[in-house]
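Comments concern the structure below.
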Amino acid sequence: MTPGERLLRIYRRLLEAHGHQHWWPGETPFEVMVGAVLTQNTAWSNVERAIDNLRAAGALDPRHIAGMEPGRLGELLRPSGYFNVKAKRLQAFCRWYLEEGGLEALRQLPDGELRRRLLSVHGIGPETADDILLYAFDRPIFVIDAYTRRLFSRLGLISGDEGYEELRGWFERHLGPDVALYNDYHAQIVVQAKEVCRPRPRCEACCLRRVCEYRTTEARRRSVTGTPD
DNA sequence: ACCCAGGGTCATA
DNA sequence: TATGACCATGGG
């Protein structure tokens, strides 16, 4: 079986277990971009509160955010954590967004050029850039995150310590460009990681049990003593 | 009380 | 290039 076939088989199994995820949660592309910055190393439930604060303040708008007093913006972002850092990053992003001429101007750029420009913004790293490219601009960019590394290294498909670009290239090469697939695949990985593929795993409840080479110490002990799974 | 969460930047070696 | 410190709230 080729890596591409294994990847598709794994996706089908995830989809069957969790159902289509309909990502990214967000009313507009701009809201998706804001969420991508705010969710850096942060639980999504906390990000929602911050976005609700922005909406309630009528501030869910690039011009409004760019012109706001940083301390005031920080207060709205407080529930999402790192609020001083994120206030700066969000303002840097919004100023860039406006300088570029807004959504329609950005839509004209080819994938690679748009990615380079996103990465030039202070506070936008590879994963945040790729969230934005895939979920706000519908570009065929496969998002790599800690969950992706954990899941696929436990599945034995990767070692987990590869560089970001190397892994992204590997997934994109084996899956072929497919925005709808990348979109839901990454969402499935996140859901799977939250529910069962935890730092301390719960493989007994894992829909990938048959293809996952990872075993808990208890399962390992059973397997060497001849007790069936 | 501890671990974890949909990362990125900066200083240091 | 490769580590480590730092940022900070909220849920399990």
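Numbered from 1 within each chain, the chains take letters A, B, ... in sequence-line order. Bear in mind that the values here come from a model prediction, so they are computed numbers and not experimental data.
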Main-chain N/O of A:Gly19 paired to A:Gln21 side chain as donor or acceptor, under 3.5 Å: yes

Under 3.5 Å: donor-acceptor pair, side chain of A:Ser153, backbone of A:Arg149: yes

Per-nucleotide protein contact string for nucleotides 1-13 of chain B, where B marks a base within reach and S marks sugar-phosphate only (heavy atoms under 4.0 Å, - for neither): ---SBBBBSS---

Any pair counted as ring-ring contact (aromatic ring centres under 6.0 Å, His included), so long as it reaches residues 121-141 of chain A, sequence neighbours left out: A:Trp23-A:Tyr135, A:Trp24-A:Tyr135

A:Ser120 (side chain) donor-acceptor with A:Leu118 (main chain) under 3.5 angstrom: no

Pairwise C1' distance for B:dG6 and C:dA5, with rounding to whole Å: 23 Å

Secondary structure string for DNA chain B (Watson-Crick or G-U under 3.5 angstrom, | for other-strand pairs): .||||.|||||||

Pairs touching residues 45-68 of chain A that satisfy ring-ring contact (aromatic ring centres under 6.0 Å, His included), sequence neighbours left out: none

Aromatic ring pairing A:Phe93/A:Tyr97, orientation class (parallel under 30°, perpendicular over 60°, tilted between): tilted

Name the atoms and distances for all side-chain donor-acceptor pairs under 3.5 Å in residues 51-59 of chain A, with sequence neighbours left out.
from    : atom 1 : to      : atom 2 : distance (Å)
A:Asn53 : ND2    : A:Leu76 : O      : 3.0
A:Arg55 : NH1    : A:Glu31 : OE1    : 3.3
A:Arg55 : NH2    : A:Glu31 : OE2    : 3.1

CG on A:Asn46 to OG on A:Ser80, rounded to 0.5 Å: 7.5 Å

Span of DNA chain C, from the first to the last nucleotide whose atoms fall under 4.0 Å of chain A heavy atoms: C:dC7 to C:dG11

Expected output: side-chain A:Gln91 to main-chain A:Met68 donor-acceptor under 3.5 Å: yes

Gap in Å between the two P atoms, one belonging to C:dA8 and one to B:dC10, rounded: 14 Å

Contact summary for A:Gln188 and A:Tyr11, nearest pair of heavy atoms: CG-CE1, 3.8 Å

